[in-house]
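Data first, discussion second: the structure below is written as structure tokens.
Every chain is numbered from 1, with letters handed out A, B, ... down the list of sequences.
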Amino acid sequence: MLKIGSRGFMASAAVQKLKLILQSQGLATFDVQVASEANLGPREFWPAPSCPEGVPRGVVVELLGTARTEWLLAFLKQNSDLQIFWAERETRILPTAIQQRGVDLGRVSFGVFAHDLLIPLRKVLQSQCFEVVVAPNVWADTKIFKAFQLFAEKSQSTLFLMGEREACASWAISLQIEIEHAHAELGEPSNPGDFSLKVLRRKYGALV
Amino acid sequence: MRVACLWFSPPTLSDKIRHQMAGPIKLQSSNQIIGKMAEHCLRFSPQIAVRPQEAVFIEIGRCQKLYSESSFAARAQVLLRRLELRASLAFANEIPEALALAKYGAGSLVSLPLEALHEFADPFNRDFVVHPYIDKMVGSFQDLGLRTLKDFKKIPAPELSSRFGPIGLLCYQRVRGEMNLPWPRWKPEAVIREKTNFPCFEFYGEMEPLLFELKKQLDQIFQRLWARALKLQKLQVRIFCELSSQNQQPYREFIFDFLFAQSTTKTALLILKERLSRHFEKNALLTPIESLECTVLSTVPGDMTSRSLLDARDEKNEQWQSLMAQLQEAYGAENIFQAQLTEDRRPERSWKKVSRHISPTSLSNEWQGRIPLRPTHLIRPEPVEVMDGFLYLKHKSYRILQWRAANERISGGWFETAGDFNNSFDRDYYQAEIEGGVRVSLFQIREPVSVFENKECRQSEEGPIFQGAKSQFFLHGFFG
């Protein structure tokens with residue numbers, strides 16, 4: 001079994017090529033040091049609460065669970081230099097709550113798209129103005145997720161899709177996390193350790 | 001003083017034919033061309049003068065730290081190419097000399113022909129009386145065998161004044177550079193307008209050719225604005241169509257009041273495209289377009305400083321502005337916004353939509369510590385019933401796992417007119433965790449209690465226990 005990178009990051013295209021060469025040479029087991037020391041993993045990871053591997057940049061992430069927004073706000077607080085676009089079908093998110101959780105509202109732009117979310121999201125991702133784009137997950141077609149994945153990868157933005165019930169089965173989603181409150185008391189601000197994370201799927205990271 | 005002169009030779013017949021064959025005709029007189037060129041030259045120097053229909057003078061002596069004569073010549077060439085114009089350029093210390101050098105294409109003053117005295121006597125072409133006298137004077141000199149200004153300079157001044165009067169002396173002094181010429185004031189046009197007519201190029205409002213023409217006009221407009229150190233805030237676009245029994249409207253008008261002042265064609269054109277494509281989807285053009293006109297209605301001062309190559313913040317900010325403007329154009333200003341906190345304690349009114357976020361003041365920092373933690377999502381208040389450890393919402397029951405007693409009481413607004421809910425501004429807020437781990441925010445409307453009613457409520461760890469009557473609760477939001 002091949003493992004790439006000392007921190008457990010998945011191989012990039014360059015590392016994949018190297019892996020194939022090593023495999024063809026029968027040296028597949030030595031690539032751990034090669035990948036980690038040569039720092040060939042180009043994908044950037046942002047630190048995230050209760051998630052030591054972090055969140056990769058330029059991918060589609062689906063968040064599920066009852067504490068997903070709280071966790072996302074804690075993530076945005078932790079990464080205070082990210083610009084955020086928050087798309088919704090109707091205005092539900094409370095900006096006051098965002099500010100209360102330590103995220104500067106100057107970093108957040110909101111968009112309410114009642115009918116079509118696809119076109120505005122494509123525009124937002126292609127503009128490369130925002131490192132983080134948040135939107136509800138209202139799709140089921142893999143083609144759409146694949147398109148989002150390509151746009152996100154090109155613009156180096158991470159698209160957080162807020163799943164409602166079940167995890168989406170599309171392979172184009174790189175990271176799926178189910179987040180619940182761990183033990184925080186009602187009405188108390190959440191701390192990074194207050195979340196219970198269950199990683200349902202992860203590419204570009206340690207194999208689960 | 002150092003003067004650059006751009007001399008525009010009058011168009012030949014072949015030029016006119018070539019221009020007409022090219023397609024849409026821009027009805028521009030020579031004066032308009034000169035005016036436009038002078039306007040573009042404002043980027044080089046604020047001191048500009050024009051000779052009607054023929055030349056533009058730019059004072060560049062005070063800008064020599066910004067550019068050299070050679071770099072000015074290169075920039076002027078680029079500008080002329082962009083405007084599809086041809087002109088000859090000359091530099092000199094005085095306006096008449098620069099004009100004569102540019103007009104006759106001579107390398108130095110002494111090699112200029114005697115006919116150049118016309119330019120020396122009347123460089124701005126305003127004195128029509130003087131030219132017959134100069135013609136007579138030049139004829140006399142040519143009879144005497146003088147050919148160039150080198151010969152003219154050798155003539156003693158007293159002889160000139162006695163034979164040719166003050167005009168001869170004026171020419172003599174200007175050729176020798178002994179007389180300073182005041183610069184007449186030139187002002188750019190008050191209204192920036194670009195119009196293109198389509199006499200033979202017919203199209204019925206297809207987007208692509210229309211955008212193609214709009215881009216050309218916007219390019220011109222933004223160059224003119226840039227020269228004046230301005231940005232575009234409000235633009236009027238008018239599409240003139242042929243009149244017929246089907247089409248009674250002479251033109252269609254679009255007013256673009258941009259969210260952020262525009263400085264480039266690329267971003268402005270995207271916004272125009274959004275509006276026009278939506279308009280033509282609903283209201284197709286029935287007759288061919290005759291002309292297209294763009295008029296600048298209002299401007300704002302622009303930043304003319306050079307961009308830092310190492311700092312991409314300005315560029316990113318422009319991209320952001322462009323995106324927000326496009327989205328607002330497509331989805332409405334009320335749907336694309338940033339948020340700013342207010343002093344209102346009601347969660348639904350604790351923030352307001354703004355086009356651009358202003359940095360939080362000390363007020364919000366102070367406010368932040370005093371207000372209990374708000375739910376992340378807010379909904380329209382939904383009536384629920386809370387009884388015996390259960391929460392009833394839309395005929396479904398949810399077991400309450402955790403209950404936090406009223407942590408906030410807000411009231412007021414008696415001076416306001418009735419809003420969404422009667423007595424909505426008199427609430428006690430509770431938080432609860434229901435089955436499934438969902439944390440919700442509820443409020444209870446406090447009704448005035450009559451002394452004859454026996455409505456008691458006490459708190460317990462499982463939740464409120466009401467005796468005698470159901471209490472009116474509203475679900476107002478949820479956490480996470």
Side-chain angles (χ1 to χ4, degrees), chain A residues 63 65-74 83-88 90-102 104-117 119-121 123-130 162 179-182 184-190 194-196, chain B residues 270 316-317 319-324 326-328 330-332 334-342 347-354 356-360 364 367-369 371-380 402-404 407-408 429-433 436-439 441 477-480:
Chain A
L63 300 181
T66 55
R68 58 188 189 277
T69 311
E70 295 277 7
W71 179 85
L72 181 61
L73 292 175
Q83 293 294 317
I84 306 130
F85 189 88
W86 203 297
E88 288 185 296
E90 56 180 319
T91 311
R92 281 281 179 89
I93 188 76
L94 182 62
T96 319
I98 295 178
Q99 179 84 30
Q100 276 186 320
R101 282 151 181 85
D104 179 16
L105 283 176
R107 298 199 282 136
V108 192
S109 302
F110 298 92
V112 180
F113 309 103
H115 304 294
D116 183 22
L117 258 170
I119 294 171
L121 274 185
K123 272 188 182 173
V124 167
L125 284 169
Q126 283 181 326
S127 73
Q128 305 187 6
C129 293
F130 302 97
M162 309 299 264
I179 307 148
E180 305 291 345
H181 290 284
E185 290 298 315
L186 282 179
E188 295 298 321
S190 298
D194 289 343
F195 301 104
S196 158
Chain B
L270 288 170
K316 199 164 182 186
N317 196 30
Q319 281 178 353
W320 180 84
Q321 289 180 356
S322 166
L323 175 74
M324 297 303 274
Q326 280 176 57
L327 290 175
Q328 283 208 356
Y331 300 99
E334 70 282 2
N335 291 325
I336 308 296
F337 55 90
Q338 286 201 292
Q340 195 168 25
L341 301 184
T342 64
E348 70 274 17
R349 296 198 187 180
S350 61
W351 64 282
K352 63 178 179 182
K353 294 177 182 180
V354 287
R356 183 152 208 192
H357 181 84
I358 302 160
S359 302
S364 62
W367 173 94
Q368 211 170 337
I371 303 287
L373 203 64
R374 295 275 186 242
T376 54
H377 296 81
L378 210 62
I379 59 170
R380 285 184 70 82
Q402 215 184 143
W403 181 270
R404 182 172 173 163
N407 61 346
E408 189 180 10
Y429 271 91
Y430 300 84
Q431 289 177 14
E433 184 174 337
V438 181
R439 295 178 176 190
S441 172
F478 54 94
F479 293 80

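In this model, no donor atom of one side chain and acceptor atom of the other lie less than 3.5 Å apart for B/T376 and A/T69.
Contact of B/Q326 with chain A is made through the side chain alone, with heavy-atom distances under 4.5 Å. For A/F110, the parts sitting under 4.5 Å from any heavy atom of chain B are the backbone and the side chain alike. With a threshold of 4.5 angstrom between heavy atoms, A/L63 does not approach chain B through any atom at all. Looking at B/L378, both its backbone and its side chain come within 4.5 Å of chain A, counting heavy atoms on both sides. For chain A, the nearby parts of B/F337 are the backbone and the side chain; heavy atoms of each come within less than 4.5 Å. Contact of B/I336 with chain A is made through backbone and side chain together, with heavy-atom distances under 4.5 Å. For A/E90, no part lies near chain B; criterion is any non-hydrogen pair under 4.5 Å.
Of all non-hydrogen atoms in A/A97 and B/P375, the two that sit nearest each other are CB-O, 3.3 Å.
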Worked check of side-chain contact (heavy atoms from CB on, under 4.5 Å) between A/R101 and B/L373
CA-CA 8 Å; A/R101 282 151 181 85; B/L373 203 64; 3.6 Å; yes
Let's go through B/I379 and A/R92 carefully: what are the C-alpha distance in whole Å and the side-chain angles of both, what is the deciding distance for side-chain contact (heavy atoms from CB on, under 4.5 Å) to 0.1 Å, and is it a yes or a no?
CA-CA 6 Å; B/I379 59 170; A/R92 281 281 179 89; 3.4 Å; yes
For A/L105 and B/W351: C-alpha separation, side-chain torsions, deciding distance, then whether side-chain contact (heavy atoms from CB on, under 4.5 Å) applies.
CA-CA 11 Å; A/L105 283 176; B/W351 64 282; 5.8 Å; no
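In this structure, the side chain of A/Q100 engages the main chain of B/P372 through a donor-acceptor pair within 3.5 Å.
Here the CD atom belonging to A/Q126 is positioned 10.5 Å from the CG atom belonging to B/L323, to the nearest 0.5 angstrom. If you take OG1 on A/T96 and CD on B/E348, they are separated by 10.0 Å, rounding to the nearest 0.5 Å. In this structure, CG on A/L94 lies 9.5 Å from CZ on B/F479, to the nearest 0.5 angstrom. Within the model, atoms NZ of B/K316 and CD of A/Q83 stand 6.0 Å from one another, a figure rounded to the nearest 0.5 Å. With rounding to the nearest 0.5 angstrom, the CD atom of B/Q338 is 11.5 Å from the CZ atom of A/R107.
Most heavy-atom pairs under 4.5 Å with chain B: of the set A/A114, A/A67, A/A87, this distinction falls to A/A67. In terms of non-hydrogen atom pairs under 4.5 Å with chain B, the most contact-rich of A/M162, A/K123, A/E180, A/E88 is A/K123.
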